[in-house]
Amino acid sequence: MVEKLTLNYLKTPLLDISATNTTFLLFVILFLTRLYEKLLKVAGKGHHKAMEKVAYAMLFGDYLAQNIPKAKELFEKLALEGSPKAQMALGFLYAAGLGVNSSQAKALVYYTFGALGGNLVAHMILGYRYWGGVGVPQSCESALTHYRLVANHVASDVSLTGGSAVQRVRLLDEVENPGSTSGMLEEDLIQYYQFLAEKGDVQAQVRVQMGHTALMRFFLFLHRKFFRILCDGKGIPGLGMAYLYGRGVPVNYELALKYFQKAAEQGWVDGQLQLGTMYYNGIGVKRDYKQAFKFFNLASQAGHILAFYNLAQMHATGTGVLRSCHTAVELFKNVCERGRWSDRLMAAYGNFKDGDMDGALVQYLLLAEQGYEVAQSNVAFILDQKEAQIFNENETYPRALLHWTRAAAQGYTVARIKLGDYHFYGYGTDVDYETAVIHYRLASEQQHSAQAMFNLGYMHEKGLGIKQDIHLAKRFYDMAAEASPEAQVPVFLALCKLGLVYTLQYLHDLNVSVQYRALPGPGASGSFISLVVSISTHGGQAQCLRLT
């Protein structure tokens, strides 16, 4: 355990660790080891909060060695005593088949009890299940109920900065393009660790303490930036807020509207959001839902979480727009995925980078249950690579197929192509060329995937799952080359082969036969060679050419 913590801390991206910091670090690691030993003893005496922390630590392999069977025992004890967190966790274990035989019926029961107890993650999971029809009949209205409840809590925690950014790293992209997704700003990292530290994460507190020099530089940066903003006149949204809520000045809706309009004209998202709020509630202006929708929509394009939330409310109630349950659910889902549990995406990625595939897989599995598409594709990728040990080898492909299916249903193109590949090669299912063609066609038509077009060309060329048609094969190959420059080389090679096949097919259709005959020559002992070429056409006519 100490070795694992050492590796995690030494890989901190905040700053280079000196010898002094390393000594301090080792001291803290030993302290944490003893701390969790004491926590285990407290949990053993039946303390609920301690039991929950220990159980989750064992489930994910955080601080303690991963021990899913022991975590399950603790969750079962807590669930019997009415712990919503434990009920949600047991639902997750049964849904994922971790330490128990997979049972979607039992998972649904535990998720429902967890949600009734007020667990937001359980509500989010149920929202996703009703939205996608996972283990339950598909119901947009039921999904809306669960997602709206969670979104209300998430939105209430959001400040005017628009909410925290969610780091969504696709492992497939990371492996194929190393380093392309790991370039986070130092300020973002400090803010992230400070946030965790304030929540009581001891590991984050250590990192923040280690990074105090960088943190001071960050605060100085913010200090300079704040005054530069005021000097440049970019504090207009702040002035609008001051007059809107009477912060240091008398409330003046007219001036607030004026400053928000100026900010919105300059593209400031806070100005757009507040203008939408004023028009929506009729504060200082005549209530105008169309104008409110316009400004909320503008703010949502900049990624402001409250803009998504307000738009979702409008679509859910049909206020100012035609009511659309589907649109409202998608917007609420976006808000929910920006909740504090999204931090687990970064924790799972950290485990992956450290080589802890089982720890990463379990964390991604829970996020996948919550409906995060990137987590679903990452679960499928880890299983596809057969790098995790918590499942039997014969289970990996069927489980990967399940998560590729869920990710594809949310519009991830690569997942759709993977589904075609799995049915083409028979990974986790029977070989089914016709189903493979369906998935490739969907990826081609809906998402214009060059890979899918190339695969369709190959299947037309070979007549796999579809009628053989060399002309259609060439058409799909050409489309693939047009869709992506990277496809031009493989398309060129495929077309060369296709040209050769077409030539041979053409000669075969003409029924060309070549015969060599040895005929006697003019002398008694002489001879000559006669080359006879006969060509028969589909019309039945024949031509004979004789060369001597």
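In what follows, residues are counted from 1 in the order of the sequence shown. It should be emphasised that the depicted structure is a prediction, and the values quoted were computed from it without experimental measurement.
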Residues in salt bridge (charged side-chain N to carboxylate O under 4.0 Å, His left out) with Glu373, at least two apart?
Arg170
With a sphere of 6.0 Å drawn around OH of Tyr412, does it hold more than 12 non-hydrogen atoms of other residues, nucleotides or ligands?
yes
Does Met88 reach the side chain of Leu366, with side-chain heavy atoms less than 4.5 Å apart?
yes
Has Gln376 got a side-chain atom pairing as donor or acceptor with Ala368's backbone, closer than 3.5 angstrom?
yes
Side-chain donor-acceptor contact under 3.5 Å, Glu52 with Ser83:
yes
Phe293: partners by ring pair (Phe, Tyr, Trp, His ring centres under 6.0 Å), with sequence neighbours left out
His315
Note, Thr319 side chain near Gln313 side chain (heavy atom, < 4.5 Å)
no
Side chains of Lys333 and Gln370, donor plus acceptor under 3.5 Å:
no
How about NZ on Lys49, more than 12 heavy atoms from neighbouring residues, nucleotides or ligands closer than 6.0 Å, or not?
no
List for me each residue that meets ring pair (Phe, Tyr, Trp, His ring centres under 6.0 Å) alongside Tyr280, sequence neighbours excluded, and say none if there are none.
Tyr289
Can you sort out the partners of Asp430 under side-chain contact (heavy atoms from CB on, under 4.5 Å), two or more places apart, ordered by chain and number?
none
If the condition is ring pair (Phe, Tyr, Trp, His ring centres under 6.0 Å), which residues does Tyr128 pass it with, not counting sequence neighbours?
none
Sequence neighbours left out, what passes side-chain contact (heavy atoms from CB on, under 4.5 Å) with Thr429? Give chain and number order.
Leu401, His423
Under 3.5 Å, side chain of Ser142 to main-chain N/O of Ser139, donor-acceptor pair present?
no
Nearest heavy-atom approach of Leu365 to Ala96 is CD1-CB, 4.4 Å
Any chance you could lay out the side-chain contact (heavy atoms from CB on, under 4.5 Å) test for Arg416 and Trp404, step after step, and finish with the verdict?
CA-CA 7 Å; Arg416 182 66 66 186; Trp404 284 132; over 6 Å; no
Please determine which of Leu419, Thr405, Ile417 meets the side chain to side chain contact (heavy atoms under 4.5 Å, CB included) test together with His439.
Leu419
Would you say Met124 and Leu149 make side-chain contact, with heavy atoms under 4.5 Å?
no
Considering only heavy atoms from C-beta outward, does the side chain of Leu93 approach that of Tyr110 to under 4.5 Å?
no
To the nearest 0.5 Å, what is the distance between CD on Glu337 and OH on Tyr372?
5.5 Å
Can you see whether Phe60 has Arg344 sitting over its ring - NZ or CZ less than 6.0 Å from the centre and within 45° of the normal?
yes
Would a distance-only check, ignoring hydrogens and angles, find a side-chain to backbone donor-acceptor pair under 3.5 Å from Tyr56 to Lys85?
yes
Is the cationic atom of Arg287 (NZ for Lys, CZ for Arg) positioned less than 6.0 Å from the six-membered ring centroid of Tyr279 and within 45 degrees of its normal?
no
Taken to the nearest 0.5 Å, the spacing of Arg399 CZ from Asn394 CG works out to 10.0 Å
Give the minimum heavy-atom separation between Ile390 and Leu98, together with the two atoms involved.
CD1-CD2, 3.7 Å
Side chains of Leu402 and Pro398 in contact at under 4.5 Å (non-hydrogen atoms):
no
Under the 3.5 angstrom rule, does the side chain of Thr327 hit a backbone N or O of Ser324 as a donor-acceptor pair?
no
Leu171 versus Asn378, closest heavy-atom pair with distance:
N-OD1, 2.9 Å
Using the side-chain contact (heavy atoms from CB on, under 4.5 Å) criterion, which residues pair with Ala115? Sequence neighbours excluded.
Ala122, His123, Leu126
Residues His326 and Cys140: closest non-hydrogen pair is N-SG, 3.5 Å
Interatomic spacing from CD in Gln363 to CG in Asp356 - rounded to 0.5 Å
8.5 Å
Within-4.5 Å side-chain heavy-atom neighbours: Leu331 and Val335
no
My understanding is that only residues two or more places apart in sequence, or in another chain, count here; which of them pass side-chain contact (heavy atoms from CB on, under 4.5 Å) with Glu81?
His48
Over all atoms of both residues, closest heavy-atom pair of Leu78 and Ala86:
CB-CB, 3.4 Å
Hey, are Glu395 and Asn392 close enough side-chain-wise for a donor-acceptor pair under 3.5 Å?
yes
Test side-chain contact (heavy atoms from CB on, under 4.5 Å) applied to Val100 and Lys72, step by step:
CA-CA 9 Å; Val100 294; Lys72 172 181 167 288; 3.0 Å; yes
Where do Lys77 and Met51 land on the side-chain contact (heavy atoms from CB on, under 4.5 Å) test, with the steps shown first?
CA-CA 9 Å; Lys77 289 179 182 179; Met51 288 174 69; 4.2 Å; yes
Got a sec, which pairs hit salt bridge (Lys or Arg N to Asp or Glu O under 4.0 Å) with one end in residues 140-152, sequence neighbours left out?
Glu141-Arg323
Can you list the steps and then say if Val169 with Phe352 is a side-chain contact (heavy atoms from CB on, under 4.5 Å)?
CA-CA 11 Å; Val169 180; Phe352 175 80; over 6 Å; no
Summary of salt bridge (Lys or Arg N to Asp or Glu O under 4.0 Å) pairs that have at least one residue in residues 119-135, sequence neighbours excluded:
Arg129-Glu369
Hey, what do you get for CG (Leu367) to CH2 (Trp341), rounding to the nearest 0.5 Å?
11.5 Å
Phe296 meets the ring pair (Phe, Tyr, Trp, His ring centres under 6.0 Å) criterion, sequence neighbours left out, with none
Does anything in residues 89-118 pair up under salt bridge (Lys or Arg N to Asp or Glu O under 4.0 Å), and if so which pairs, sequence neighbours excluded?
none
Interatomic distance, Asn310 atom CG to Phe295 atom CZ [nearest 0.5 angstrom]:
14.0 Å
Ignoring hydrogens, what is the shortest heavy-atom contact between Ala95 and Tyr111? Give both atom names and the distance.
CB-OH, 3.6 Å
Classify the side-chain pair Asp384/Tyr422 by whether it contains a donor and acceptor separated by less than 3.5 Å.
yes
So Met278 and Phe260, do their side chains get closer than 4.5 Å, heavy atoms only?
yes
Ignoring hydrogens and angles, tell me if any N or O in the side chain of Gln66 forms a donor-acceptor pair with the backbone of Leu59 under 3.5 Å.
yes
If you measure from OH on Tyr364 to OH on Tyr349, what distance do you get to the nearest 0.5 Å?
8.0 Å
